[in-house]
Structures are given as C-alpha cells and as structure tokens.
Amino acid sequence: MSDETPLLDELEKGPWPSYVKEIKRAAKRSPASKDLLRIQEQSYKDRVTHWKHGGIVGVTGYGAGVIGRYCDAPEKFPEVTAFHTMRINQPAGWFYTTKALRKVCDIWEKYGSGMTNFHGATGDIILLGTTTENLQPCFDELTEAGFDLGGSGSALRTPAACVGQARCEWANIDTMALIHDLTMTYQDEIHRPRWPYKFKIKASGCPNDCVAAIARADFTIIGTWRDALRIDQAAVKQYVNDGMDIVSLVVNNCPTEALAWNEKSSTLVLKADDCVRCMHCINMMPKALRPGLQKGATILIGGKAPILKGANLSWVLVPFMEITPPYTEMKELLAKIWDWWDEHGKTRERLAELIERIGLKEFLRAVDIKPVPQMINKPRANPYVFF
Amino acid sequence: MSDETPLLDELEKGPWPSYVKEIKRAAKRSPASKDLLRIQEQSYKDRVTHWKHGGIVGVTGYGAGVIGRYCDAPEKFPEVTAFHTMRINQPAGWFYTTKALRKVCDIWEKYGSGMTNFHGATGDIILLGTTTENLQPCFDELTEAGFDLGGSGSALRTPAACVGQARCEWANIDTMALIHDLTMTYQDEIHRPRWPYKFKIKASGCPNDCVAAIARADFTIIGTWRDALRIDQAAVKQYVNDGMDIVSLVVNNCPTEALAWNEKSSTLVLKADDCVRCMHCINMMPKALRPGLQKGATILIGGKAPILKGANLSWVLVPFMEITPPYTEMKELLAKIWDWWDEHGKTRERLAELIERIGLKEFLRAVDIKPVPQMINKPRANPYVFF
Amino acid sequence: MRKTDIGPPDYRTMLPDVIAKNYGQWKYHEIVKAGVLKHVSETGDEVYTVRAGSPRLVSIDFIRDACDVADKYCDGHLRFTSRHNVEFLTPNKQNVEPLIQALGKLGMPVGGTGDCISNIVHTQGWIHCHSAATDASGIVKAIMDGLYDHFTNMKLPNHLRISLACCINMCGAIHCSDLAVVGVHTKPPRPDHQKVLAQCEIPTTIQSCPTGAVRRHPDANIKSVVVKEDLCMYCANCFTVCPAMPLADAEADGVAIYAGGKVSNARKPPMFSRMVVPFLPNHPPRWPEVVDVLKKIVEVYAASAKPSERLGEWIERIGWEAFFRRTEIPFTEQHIDDFTHAVETYRTTTQFKW
Amino acid sequence: MRKTDIGPPDYRTMLPDVIAKNYGQWKYHEIVKAGVLKHVSETGDEVYTVRAGSPRLVSIDFIRDACDVADKYCDGHLRFTSRHNVEFLTPNKQNVEPLIQALGKLGMPVGGTGDCISNIVHTQGWIHCHSAATDASGIVKAIMDGLYDHFTNMKLPNHLRISLACCINMCGAIHCSDLAVVGVHTKPPRPDHQKVLAQCEIPTTIQSCPTGAVRRHPDANIKSVVVKEDLCMYCANCFTVCPAMPLADAEADGVAIYAGGKVSNARKPPMFSRMVVPFLPNHPPRWPEVVDVLKKIVEVYAASAKPSERLGEWIERIGWEAFFRRTEIPFTEQHIDDFTHAVETYRTTTQFKW
Ligand code: SRM
Ligand code: SRM
Ligand code: SRM
Ligand code: SRM
Ligand code: SF4
Ligand code: SF4
Ligand code: SF4
Ligand code: SF4
Ligand code: SF4
Ligand code: SF4
Ligand code: SF4
Ligand code: SF4
C-alpha cells in the first residue's frame, strides 16, 4: 500500500509548527509511527476515524493510566494493530529538568511510537501508541526513572495546578505543593478506579484561574484573600503618569463599583467590602496592586463537560478555606464527598449530576456544611419548597 | 351565635381604608354580608379558610364567568351557604361613567351581597357572593345594562389593556381599542371553555408595561417603535438647567450605552442602533424625550404564574407587528397558536409549558414564524442538537 | 329575549370629554405632587388626575361614594388603575384641591404615584377562596397601614410594587413584584378516604401531583389515595382537582416573602421575585412579623439604593449575600433552589462578598 | 522489586535555581514583548520567560530539541503551560534574544502572551480516538496558520482562547472558551446486529441513551437494539458503552462552532461558550470554512470590542442579535436551545436591537 500522504503533506505548509512533520520525524525510527501517518492519511481520505474501542489493557496492579486502542484495519496498518496510550503523571506545574525529560524520551524510543502529547488536556504526559506487550516493561522503566501513571476511567484523574508561587506574584496559595501532596495522598484513588465515574481536582492560585479549574474540575480550588487588596499609591500614580486612563480601563471595569479615582489626590480609592476579588484591577496594574494578606482558597464543586446531562461550571461550596499542610480540612471534605457520591451515584454520574438529581440541600447535609448565600447567585424564584 | 368580631375590628384601625368597614356597611342591608363578616371572623380564629370547592354553576349558554363557592358550615353561616362570584367584563382601560357604575351597584344590591372587587386581578369587576338562583336574573339585568360576563376556567380570560392613548403620551399602540376588539371578537372563546387550560391576553402601550402583561399573559402585546426615539434638545437643556444630573441619572442608566452627554453643545446624543427602547431616559425626561414615530408592538408569549411547572415571563415571538384594525395578522397568529395548543396540550398545560415540553422549534414551525435572534437572550450552550 | 355574548360596554362610551377629545394626542405629563398627575396634550388641553387608594374589596356604598365625588368634580366619570386605585380626572385645576378634600372626607388616601408604594395587588384569601393558605385583604390592610407614608409620599429611589397571593397559585401574579407575600402550606394534604371516591377522579388526582407523591391506596379495598409525605412540596395541585384532600392547617400554614421582582423593561429586563423569608406564621388580625420584615427591607432599600434603582436592581448590584447581611434576614436551606432550573442559580464564580 | 504508586516526581527537584530561590516571593511582572515575560522578586531577582508555541502532538525529537535549547540557555530546565506552550526561563536578560533565535531555528514561534491568541487546547481526533467526529491536530494547524499573527502579536482587546474537541465529550473542556470548535455527528448510530450481542451489554446500552432512543430490537429473536431516529441527538453515549453502534459518517460528521465562553473571574464571571455555527462539513486537510468563520469573528471582535473586553463580554454588551448581524453568520433553528434549561435562554423582555 502506498506511503504517499498528499493530504497530510498540505499540513506541513504554513508558519505554525506542523504535527505532520513530527510524525514523519518519529516515523524515521518507528514503524508504528509510519503506520500512524498512513492511517491518518486514510482518515483524511475517508473522513472517519479508524480507531476502535480498546479493551481493558494496563499494567499489573493498576486499573488506570492506559487507554487501549486498536485500529479497524490491522491488515492495512499492521504496526498500529494495537496502539495504546500511557498517561504519565506530570510533576506539579509542568516543570522539568532536561535530564528527566530525556530519560522519558529514551524509554519511549525503546518501547513506543516516539510520539507524545506534551501534555494531555488533563495534564498528564501522553505517551501515544505502544503494544500490549510493551506496556509493562515500559512502565517498569518509567517507575525506575521516577515517573508513574496518571488516572483514567472511573478514578481520580491526575490533579493539576497552575504555576502559582513558582512564578506568579498573585498566587494566594501554593498550588504546586498542594497538588503534589494530594496526588501523593491519593495514589490508590488515581490508579484503581472504583467510583461511579471520573473525578477531577484542579487548583489555581487566584481567580484568573489559569488551569481553567472552574470549568474542568469536580473539585475546584481557587486562591483568594479575605482582607483588602494592597495598593501602592505611588506606583498607581506612575501608571497614570505613564498615560494609563485609569478611570476607563480600571475603575469603570470593576464589576462592583468598588473602585474610585480621586482626581484631587490622584489616588485610587477602594471600598474593600465591595470588592469581589475579580482580579481585573490587579491584572491591569501588577506593579501597583496586589492581593491581600489573609490568603486562602475558595472551594467550588461540580465543573465538567456536557456528557451526560449538560456541562457545569463549579459553584461555591466553601467560600474560604485556609490552605496549609497537611491540608486536613480539605482531605476530610473530599472523603465525605466521595463517600456520599459513591453511595448514591449511578454509573457514569458525575458529582454535579448527582447533586442535581438528589438536591444540593441533601448534599450539604451529607458533608455537613451549612448553607450560606455565597453558594448561590440568587435564591429560588419558585414556591416549591420542601420543609 | 355571636355577632362580635373582635379580631376583625382590629382591622378598622389605622390610616388605610378598611375592607372590614366595607363589609360592615354592606352587612347593614345584606344578610349574606353579615354572615360573610362572621365567617371571616371565624377564619381569623381558626386560621383556616371555611370555603369549599364550587360545583359547576353558571348562567344558561355559558361555561364561564361564575366561580362557585359554598361554605363548609352552612348550619353556622346559612346566608353564605352558596356564595358564588360573578366576573363582569370591565370596559377596556377601566373607565366608567358614574351612571353605568351606579347601575351595576343597583343590580348587585338587588341580587347579591353588595360586596365587590374593583377589580379582580385579571381585570374583571368581581361581584362577590350570591346564590345559585340569583345568578341568572342578575346576569339578565346586567346584560340589559350593557354588561356581560368575563372568562373563567379553561377559557380565554378577560383581556386587559393599560390606559394607553386615553391618557398616556407613551402609548405606541391604541391598547384600549385593540383589547376591546379582541374581547368582542372572542366572546365565544371567553364564555365557553374548550381548551387545555386558561389563556390570557394583555396589552401595554410601551415597555413600561403598566398592566404587567409580560408576567401575566400567555399572549403579551407591548407597544414599541422601530425608528429613533425623539429628542427635544431645548427641553433637555431645560431639565439640565433645572438642575438634573443628566449623566448620572439618565446617561449612565441606559442599559446599552446608547446615550452620551455632549458637555460642549450640552446636547444629548443617541446611538439609535444601540437603543433597546427600555423607556428609562424617556421616563426621566417626559418633556424632552418621546418614543419614535414608526409605532407597532412586540408580541411575546408564555407569561404565567408557577402552577404547574414554574412561572414564566413571556418571551419574544414577533419582534415587531403593526397594530391596525382589524388586527388580521394578530388574529391569524392567535388562531394558529390556539389550534396547536389545543391539539397537543394536556389538561392544565399552559402554552409555555407545552412549548417547554415539545420544543420552541416545533412551535415556530407550527405557527410558521422563522427563528430570529431577538427571540433569545443567548444561543444554546449545549451540544445536544437535533438536525 | 335573552342577550348573550354582548361583551363589555364600549370604552368610548365611558370616556370623559377631555379624554375623548385628546385621545392619542398626549404630549407629556408631570407629577404635580403625590397622587396628582398632570397630562398635557398637543392640543394644549390639560387633564389632572387625582389617584386615591382603595381596599379593592369594597361595598357598593363605596362605589356610590366615589361616584358622588366624580359627579361633583369630574363630570360623572372615573377610572380604576391596574393596581386597583381609583382615578378622578378633571380638566380644571381648580377642582384638584376640593377633590382631594372630598376624598379625605371619605377616608380615601391620595397618593400612589411616582417613587412610592402603590396599592397592593392581592387576592381573595379567607373571604372567598377554598385554596387560601392565608388571608388576603387583612394582611394587605396591616401592611398598607404600616407603610402608609410611602403611599402618600414619593421619597423612594423608584416606585415599589407589593403584591400578595393567598396561595401559590399566585393570582396576584406576584412572581415579578418588588415585594411579594404568598400564602404557603407546609404540611402534606390529608386525604379523607370517606370522601375521595365520591368527590374525586382518582387517576386525575394521582396525575395532578407534579412530584408523584399521590399514590393509590395500598389496600385495594379502600378506593382512595395516599400521599408519600417526603415527596410532597405542599403545592395543592391535588387539592385543586380533589377537594377531599385538604392541606389547610392553622399551625402549618403561613406566608413566605419574596423580593426583587419587576415587570417593566426600564433599565434592567423584567425579573422574578426571589425568596427572602421561607415561612412566617399566620398571626391574624395584623400579621406583625410580616409587616416588620417588609418595613425593614423597605428601610434598608430606601437608605442605600441609587435613584431609579428598583429593589431588585439594587439587590443585583450589591449581591444577595450583602442583602441578607444588611437586612439581617437569616439565610436557610429553603432559600437554595432545588426545582427544575436550580443549577442556574448556583454561584459559578469566585466573585462574592464576605 | 516492582515499584507502584510512587506518584510523579517531586516538583521541587524540577525547578531552576532562580525559581526555587524566589518561590512565593514574586512581586510583579511585565510583558517585555510578545512571548517574553519578566517577573521580578521581592529579593530583587528577575526571571525572564520566553514562551514558544508547540503542536502538542510531538515526537521525542522535538522534546530533545527543546532540551538542547534549555541546556544551552536555561541551565537545563524548562516547563510547559496549561495551554501546551513551552516556556524557557532564565535569570539572564542576555539570554533572551539568543534563545529566541534558537527557537526560531527550530521553527518554534515565540508569543502567546498577553492580548493574543495563545495555543489551541485540543484533543486526539483521527490520530487516536474511536469517538472522533472530526480530526484535532489537523484543524488546529490550519487555524493557527490562519491566525498566526495573533499568536506573535498582542493587538487584541484581551487574550482570546480557542479550544477544540473532536467530539462532544469535549475533552478540551472547550465549553468555556472564547472560541470553541467541536466535532459533531448529525446522523444516528447504526447498530450492527451481528456484533451487538457479542460486544455490548444490551440493558446498559439502552440505559446509556439520555433521550431513550435506544430500544430492544422488536424481533425478540434478534438480540440487539434499534434506534428511534427522531429521538436521537447524536450524542454517542450509546457508542461509548457499545462499540457496535458507530455514528461516524463522512458526510454527516463535521464541526460546530461555539463562542463567548470564558474561565477567568476577571470582571464578568465565567461563561459558557454558545453556538454560533451549528454545522460545517469536514473538509480535510485544511477545513477552510472553519478557519474563515473564526477569522471573521476575530476580525469583528478586534475592531469593535473595548480594551480588556473578552469576546463573550463584548457579545453580552452588544447583544447576540448584533453579533449575528455584524459577523453575517446566519441564525437558525439549531441556535435556539431545546435542552433542559432552554427557557432560561429565551428573551423575556422587549429589550433587543433590530
Ligand atoms: C487524552 C485526552 C484528550 C487529549 O488529547 O488531551 C482525553 C481523551 C479521551 N477522553 Fe477525555 N480526555 C482528556 C481530557 C478530558 C477533559 C479535560 C480535562 O480533564 O481537563 C475533559 C473535560 C473535563 C471533564 O472531565 O468534564 C474530558 C472529558 C471526557 C468525557 C466527558 C466526561 C463528562 O463527564 O462530560 C469523556 C467521555 C467518557 O468519559 O466516557 C471522555 C473520554 C475520553 C476517551 C477516554 C474516549 C473514550 O470514551 O474512551 C478519550 C481517549 C482518547 C484516546 O484515544 O486517547 N473525556 N476529557 C485528555 C486526557 C489526557 C490527560 O490525561 O492529560
Ligand atoms: C378572582 C381572582 C383573584 C382576585 O381576587 O382578583 C382569582 C381567583 C382564583 N383563581 Fe386565579 N384569580 C385571579 C387572577 C389570576 C391571575 C392574575 C391575572 O389573571 O392577571 C393569575 C396569574 C396569572 C396566570 O394566569 O398565570 C391567576 C392564577 C391562577 C392559577 C394558576 C394558574 C397557572 O397556570 O399558574 C390558578 C389555579 C388553577 O387554575 O387551577 C387560579 C385559580 C383561581 C381560583 C379559581 C381558585 C381555584 O382553583 O378554583 C380562584 C377563585 C377564587 C374565588 O373563590 O373567587 N388562578 N389568577 C382573579 C380573577 C379576577 C378577575 O377575573 O379579574
Ligand atoms: C395608571 C397606570 C396604568 C393603568 O392603566 O392603570 C399607570 C400609569 C402610569 N405609569 Fe405605570 N401605571 C400603572 C401601573 C404600572 C405597572 C403595573 C403594576 O404596578 O402592576 C408597572 C410595572 C411595575 C413593575 O415594573 O413591576 C408600571 C411601570 C411604570 C414605569 C416603570 C418604572 C420603572 O422604572 O421600572 C413607569 C415610568 C416611571 O414611573 O417613570 C410608569 C409610568 C407611568 C405613567 C407616568 C405613564 C404616563 O406618562 O402617564 C403613568 C403615571 C405613573 C404614576 O403613577 O406615577 N409606569 N406602571 C397604573 C397605575 C397603577 C397604580 O395604581 O399604581
Ligand atoms: C503560564 C500560565 C499558567 C500555567 O501554569 O501554565 C499563565 C500565566 C499567566 N497568566 Fe494566565 N496563564 C495561563 C493560562 C491561563 C488560562 C487557562 C487557559 O487559557 O486555558 C486562563 C483562563 C482563560 C479564560 O479566562 O478563558 C488565564 C487567565 C488569565 C488572566 C485573565 C484574563 C482576563 O481578563 O480574563 C490573566 C490576567 C491578565 O492576563 O491580565 C492571566 C495572567 C497571567 C500571568 C500574567 C500571571 C502572572 O502574573 O505571571 C501569567 C502570564 C500571562 C501571559 O501569558 O501573558 N491569566 N490564564 C498559562 C499559560 C497558557 C498559555 O500558554 O497561553
Ligand atoms: S491562576 Fe493566578 S496565581 Fe495561578 S498563574 Fe494564573 S494568575 Fe498566577
Ligand atoms: S479586584 Fe475586581 S472587584 Fe476587586 S476592586 Fe479590583 S476590579 Fe473591583
Ligand atoms: S404601559 Fe406605557 S403606554 Fe401604557 S400606561 Fe404605562 S407608560 Fe403609558
Ligand atoms: S430608551 Fe433605554 S435603551 Fe434607549 S436610549 Fe433610552 S435608556 Fe437607552
Ligand atoms: S391565590 Fe390561591 S387562594 Fe388566593 S385567590 Fe388565588 S387561588 Fe385562591
Ligand atoms: S400538595 Fe402537591 S406535591 Fe403534595 S401531594 Fe398534592 S400535588 Fe403532590
Ligand atoms: S473529544 Fe471525543 S473524540 Fe476527542 S479525544 Fe475526547 S473523546 Fe475522543
Ligand atoms: S447517539 Fe445519543 S441520543 Fe442517539 S441513540 Fe445514541 S445515546 Fe441516544
């Protein structure tokens, strides 16, 4: 069968780096990648996928971390007959030494297609495509090198953190330390699926939410502060002198009218009680404004994609939680949530969907948290109340 | 049994006119009103109602217009054993000659309790409390006097109009003429229930919606205009000279930033394309601003109270309809809506609930109106689309 | 012979001359003072409107009194408003003060215009309805006494509309009012097995329940229904179709208070009223707890809202958490929506006030 | 012996010195130019970050190239971002330009910071997923080529995030993106009666359908399922649990485009992306229709939004009717929600633009 890939070749053109080039590079040494290229060209012709559901494949002792894949035309594409991916848990914040990365590359050159995703949408390193036989030895060498598998299936998925205090002045919590700790604490939950469905945890250091935790995590941790944000009036003046139209760019964009510009004293006036910590003014004037000093996190729950009952954004469960090792309060909360979900959840029912079905009231009772207005945007409009 | 009403007597105190005084006045001549007072006192003691469901009572040839009522203790309150109300269709806009009103009073003195509601929440005159025997003769004298019954049950309910062009400079349509015409056209639909449930029509002359049509009518007619609102700059200046802070009170309250205040020329600048005709600026400066000249109405549907599936506000069906006698376009639309609702609606299913159940798409096809973005605030967020 | 389907009188036969003459030609209006409107026509004509409060539940004597005033000052015409106030219209400025005097004598308060609290749209209650979970006219009287000054003055940020319905059928269409008082049951219906068969269609009754709480009686010999109490939300649909399952209960019935609704499209689109107090007991004759909560909310609103801001617009601006803090109304489980679109009310952001 | 549950490497072993030293002490940052960040610490230390675009689907050679650069200029460290860009960090200002040169040689564009279009979060597509209704990396490449200048420049009102998912499972979590491209099927699954019994649990398969479209095969002898086509919304849940009912179809599969979502809490709370184009055909290799629509939207947005206004904030301000008018995208039945909370999307006000 021909090795020509006229359609894919079109995707080598243009300024953006080309994944087709990448597959071709890998194909030089990996027959699997060669067939990957060919089967992709086939899909470009047919305009359908040529992959089938994977059976249960994996490594001893784990129920997660490998996505099984088989192609639907092994006779045409023998080298990708089986083409499983391994999800490798990234170090929190996605920092690497080149030494560690090269090691992963060497192992994958030996056991896999040489193709990867840096990174998967959840955050893992995705080692894309190997055979069933190679899974175990590849895993063994990876653990030797200090890496382990991430989550898949009805398990806790690999938690993720924004860069946080490692390189961001706005991090109200140490997201990387927290996520590393949780990941280590919940190795069993990550590797051995036992729940109604997947569960995701993500942590951002401030409401900018640079890991999109509120949209993608059943359990969303977002750094915040209780006191007033800090203002360096001199630096504010500097921005204004440098020509920033502070009123239209900053003051008028405050969602709660918490800011005012005092022309006379050319100072920025904050009504701290009205600030909802949206970050906008801080984002606009990083040299002049900073989060407050009483730092902690808001815990939100329920974020997920549309399957099955529609997408959810996480909503506020705990307005403020102090975030200090060993994170006991958070872990106790997670335990209560998982118990309740495990007990009442149907198969493929995410936490948010279970709460929608059974009611937030029941949930709050189960995790014994008392209702506060911060949990809602607005009270009920209907008169259909249970007493 | 005692005629003392110590509890009700408390409600004769205080500055607001007292309905208890009113019942006592009626009681002077009406034994029924005397027992009404006593049964009300009873309820004030027991803190429960003493009225029972009414059977089907009414006048010959009509299925609507009378609400049957019986008390649950005829032995104690014989005079209100049967105490039905008659709903009398008000003249559009609730204008009366004293002659007409006195006539109604005389008839009601003769046949009823002498107690009334001016008016009922739908808009009818409510003649509150009479016996089954008196219904027909009372009705006959009322029709002689030029009055007729309104709607009840699963019928078209008495339509209502704001005062409109009779005494309001903002009326974009002649609400009273329209509502009178519709009421006359649909006498049969009003008097002979035949639908899955009730149906209500209300018309307001502008988006201030002084009959709360958007909240209370399945078919909501609200006057509007297509061109730019009219500005009398001289009158604007006058307001400003009289000390109105036009920027904070008017300009800044425009929901779409369609207004600007030009300090130099001290003129009010309108971006007509951005105006959503909310009325605020006009409301604030009635002497300077007026609706435009291309007048018509927006038709909205679905408004209702919570029973059964929750309350609805009416939503836009026809962004702009010209409103001129004989209102053919509107009547054709009503016919299509009623046919579809009649065919698909379950018992006690209001139009909005049927649309929620079957889908707006189906409804639009049935009444053949093509979808426009004005019908929605925002497109779907979910990916669950039927093609 | 008998007349039917003649419809209501033609409104044109009911109009005062000045209205008929200037119909559709009004140019502008001003509020002369609380309760007095002046409308000016393109023709130069003027009409003064004096608006007076009414209990709505009135005797024919009341109507006749009003007619007497109208005959004296308004050439024998008057009208009622969509909120049940009475309006006396006259082209003669001179008539205005005497009119006000005359209404004073009748005990009819003049007001209800502009930035005020107008009449309360309300319903039947214990006066006439079998479905009532509370009274209507009685609470309304108590509330209007308590807020009387706001009817006769115009010192609020914008007008404030109060409505009351004696059960959740909400005949007052109170679901979009600045302040709404609604009668609620808090105990399930008690089917009367003697009467059910006689008075009710059992299948219809079972169907009527939105939560499926009404079930056939387990004992096949008893032709009646039972209520699964934990599923019941006391909506009374079953009672509406089956009189033999009353919910009324002296202790368990009372009122809930909702706030922040509006109907007009001015500035913000129309909004639903939302729960602020899930339950207050029925304490006739004057429902003091209800009056106090409403007064408190009006006070805080009047003190802190901006000009033109409706109650609901103000709450949206400051946030519900701030509303509960400032009004000192306790927040409970019941405030959290658990009906069909509940999730749409959850706070899916880190934006909130402490 | 075999190691398990060791977890990921400790991030502390992966940090460059300057990061380890100033961890938690960063004071402020500035964007030196597109793709170059400068963070300044309380200690006075500085770190420069050069951000480079990556196709995400890369060979180990690509990683090794990046490592070479990092060894040369970043003391052997680098990181990846939550949008799959590669970041090279160095305390030495002098290294920045050479770094950029070196990346240029490798064909890695520098940019993705500030008011730009960063990398596209995306998924597997025809490269690896059985569920794909379209490809991922291919469209992404075509789109980034088309919008390349917005990656290397910062001339938008705010940053604009594009995401892509090859089926409505939405692995890219694209449901809150400024612009989202999602693979959709538009024909029901075709159960393969031979395979169903062998490969699928029939009850589970029937249950899996949210609309109840999957039914037992009417012929009791055929142990399989049928699909009630008019109930099917092509969500593929049945296919996820039962491989024997594929939906993939060359003609009927394609992509839908959603817009206006955001995640950050800055100014407006997070928002969902909403449908702007219900269906565009799969036209590999470069999906020109898709690229054109996205370019058009970006153009109109860039031209008319205010500074700091995200795409969705801009649309909310001008209104969806104005959005469709200005972008000249046709409005169809499919845009109107008919799912669970549909009514919440209807326009319950007279406020709209013509
Ligand atoms: C690899 C990855 C996409 C990528 O290219 O990066 C991925 C790939 C798959 N996802 Fe996903 N999901 C991936 C991140 C996500 C995310 C994003 C996230 O985690 O932040 C989401 C949205 C967030 C969420 O969970 O709601 C996501 C929502 C889904 C769903 C819908 C779940 C839902 O409740 O809505 C499914 C369907 C399912 O679970 O059956 C799914 C199912 C799948 C499956 C396993 C397909 C299947 O049904 O078996 C895909 C395997 C593809 C393959 O052949 O490799 N994937 N999936 C991502 C995981 C890589 C990693 O571990 O880092
Ligand atoms: C008399 C009146 C209240 C009043 O004191 O003014 C009234 C009284 C009753 N309404 Fe109403 N409704 C009255 C206006 C309304 C309104 C307001 C309106 O029409 O603008 C509404 C809300 C708007 C709407 O229709 O959604 C209203 C929504 C209901 C409902 C709930 C309907 C729904 O779909 O949500 C019911 C329950 C039912 O229909 O079974 C109801 C049922 C009733 C019944 C017939 C009780 C029953 O279930 O049999 C009440 C008879 C009371 C009695 O004994 O006299 N009434 N009802 C109003 C009619 C007077 C008139 O004709 O002018
Ligand atoms: C007489 C009446 C119409 C009728 O056919 O009966 C009426 C008459 C006027 N309304 Fe109204 N409205 C009347 C019920 C309403 C209602 C319906 C209701 O209250 O149930 C509404 C919607 C209420 C709501 O939004 O919840 C209503 C919302 C308005 C507004 C919008 C105010 C706002 O900012 O939201 C205006 C504009 C204004 O007041 O500046 C308005 C303005 C007016 C004007 C100034 C119109 C004009 O130029 O004549 C009239 C005198 C207002 C005043 O009282 O100061 N009218 N007006 C109704 C008097 C009721 C009463 O006795 O108090
Ligand atoms: C590196 C990264 C975090 C990480 O752990 O990897 C990051 C880093 C920074 N983000 Fe972010 N954000 C990163 C993903 C995100 C995401 C998540 C996403 O895009 O999926 C979001 C939410 C997106 C959304 O809202 O849809 C995000 C929303 C923000 C915002 C809010 C902007 C807004 O007005 O909505 C800011 C503030 C700003 O840009 O002024 C911000 C600001 C920043 C700052 C300035 C924080 C700081 O002081 O260092 C960092 C440089 C921003 C820049 O690129 O100009 N970052 N940022 C991520 C880089 C992704 C990329 O390669 O492009
Ligand atoms: S989420 Fe906040 S703390 Fe984390 S990287 Fe983004 S801006 Fe910094
Ligand atoms: S953080 Fe947001 S809410 Fe707080 S003051 Fe700044 S702009 Fe306003
Ligand atoms: S609705 Fe408009 S036209 Fe009708 S009375 Fe009110 S303000 Fe005037
Ligand atoms: S009517 Fe409303 S939207 Fe139009 S200009 Fe006036 S305030 Fe703005
Ligand atoms: S609100 Fe309820 S109780 Fe009151 S009149 Fe209407 S139906 Fe009767
Ligand atoms: S009151 Fe409502 S919920 Fe309770 S049983 Fe009756 S119908 Fe059902
Ligand atoms: S979005 Fe769908 S097709 Fe794409 S990877 Fe995820 S599950 Fe597979
Ligand atoms: S695609 Fe979805 S809707 Fe269609 S049959 Fe399968 S599960 Fe049901």
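Everything numeric in this text was worked out from a predicted model, so none of it was measured. Chain naming here is simple, since letters A, B, ... match the order of the sequence lines and numbering starts at 1 in each.
With ring centers used as reference points, Phe83(A) lies under 6.0 Å from His128(D). No close placement of the His130(D) and Tyr70(A) rings is indicated, their centers lying 6.0 Å or farther apart.
Note: Leu11(A) leads Ile67(A), Asn208(A), Leu11(A), Asn377(A) in heavy-atom pairs under 4.5 Å with chain D. If you tally non-hydrogen atom pairs under 4.5 Å between each of Val121(D), Ile168(D), Thr152(D) and chain A, the highest count goes to Ile168(D). The candidate from Asn22(D), Thr123(D), Thr49(D), Val241(D) with the greatest count of non-hydrogen atom pairs under 4.5 Å with chain A is Thr49(D). Counting heavy-atom pairs closer than 4.5 Å to chain A, the top-ranked of the candidates Lys268(D), Glu251(D), Lys262(D) is Glu251(D). The candidate with the highest count of non-hydrogen atom pairs below 4.5 Å against chain D, out of Thr143(A), Thr116(A), Thr85(A), Leu7(A), is Thr116(A).
Side-chain atoms of Leu89(D) and Phe95(A), non-hydrogen and from C-beta on, do get closer than 4.5 Å to each other. Taking the side chain as every heavy atom from C-beta outward, Tyr148(D) and Trp16(A) approach each other to under 4.5 Å. Arg167(A) has its side chain within reach of Arg79(D): a pair of non-hydrogen atoms, C-beta onward, lies under 4.5 Å apart. The side-chain heavy atoms of Cys129(D) and Arg69(A), taken from C-beta on, include a pair separated by under 4.5 Å.
Here the side chain of His53(A) pairs a donor or acceptor atom with the backbone of Phe239(D) at under 3.5 angstrom. At distances below 3.5 Å, at least one donor-acceptor pair connects side-chain atoms of His175(D) with backbone N or O atoms of Ala215(A).
Contact of Thr183(A) with chain D is made through the side chain alone, with heavy-atom distances under 4.5 Å. Only the side chain of Val47(D) comes within contact range of chain A, with heavy atoms under 4.5 Å apart. Using a 4.5 Å cut-off between heavy atoms, Thr81(D) touches chain A through its backbone atoms (N, CA, C, O) alone. Using a 4.5 Å cut-off between heavy atoms, Asn283(A) touches chain D through its side chain atoms alone. For Cys176(D), the part lying under 4.5 angstrom from a heavy atom of chain A is the side chain only. Heavy-atom distances place no part of Ile174(D) under 4.5 Å from chain A, backbone and side chain included. Interface remark: His39(D) contributes side-chain atoms only to the contact with chain A (heavy atom separation under 4.5 Å). Contacts between Gln207(D) and chain A at a heavy-atom distance below 4.5 Å are absent for every atom of the residue. In this structure, chain A has a heavy atom under 4.5 Å from the backbone of Thr13(D), while its side chain stays farther away. Only the side chain of Glu30(D) comes within contact range of chain A, with heavy atoms under 4.5 Å apart. Only the side chain of Leu37(D) comes within less than 4.5 Å of a heavy atom in chain A; its backbone stays farther off. Heavy atoms closer than 4.5 Å to chain A are found nowhere in Asn158(D), neither backbone nor side chain. Phe80(D) touches chain A through backbone and side chain together, each having a heavy atom under 4.5 Å away. For Asp249(D), the part lying under 4.5 angstrom from a heavy atom of chain A is the backbone only. When heavy atoms are compared at a cutoff of 4.5 Å, Glu42(D) approaches chain A solely by way of its side chain, counted from C-beta outward. For Glu309(D), no part sits under 4.5 Å from any heavy atom of chain A, backbone or side chain. For Glu41(A), no part sits under 4.5 Å from any heavy atom of chain D, backbone or side chain.
Between Arg192(A) and Asp5(D), at least one side-chain N (NZ, or NE/NH1/NH2) sits under 4.0 Å from a carboxylate O, which counts as a salt bridge. A salt bridge is defined here as a Lys NZ or Arg NE, NH1 or NH2 lying under 4.0 Å from an Asp or Glu carboxylate O, and Lys27(D) with Asp232(A) fails to meet this definition.
Taking each heavy atom of Asn89(A) and Pro9(D) in turn, the nearest pair found is O-CD, 4.3 Å. The shortest non-hydrogen separation linking Lys141(D) to Ser18(A) is CE-CB, 3.9 Å. Residues Ser308(D) and Asn253(A) come closest through the heavy atom pair CB-ND2, 4.1 Å. Among all heavy-atom pairs drawn from Arg64(D) and Arg102(A), the shortest one is O-NH1, 4.0 Å.
Here the straight-line distance linking atom NE2 of His50(A) with atom CD1 of Ile127(D) works out to 12.5 Å at 0.5 Å rounding. Once rounded to the nearest 0.5 Å, the distance linking OG1 of Thr98(A) with CG of Leu78(D) reads 7.5 Å. Rounded to the nearest 0.5 Å, atoms CG (Leu128(A)) and OG (Ser59(D)) are 12.0 Å apart. The structure places CD1 of Ile307(A) at 7.0 Å from SG of Cys167(D), a figure rounded to the nearest 0.5 Å.
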Between Thr240(D) and Arg348(A), does the side-chain contact (heavy atoms from CB on, under 4.5 Å) criterion hold? Intermediate values first, please. CA-CA 11 Å; Thr240(D) 299; Arg348(A) 304 196 75 225; 3.8 Å; yes
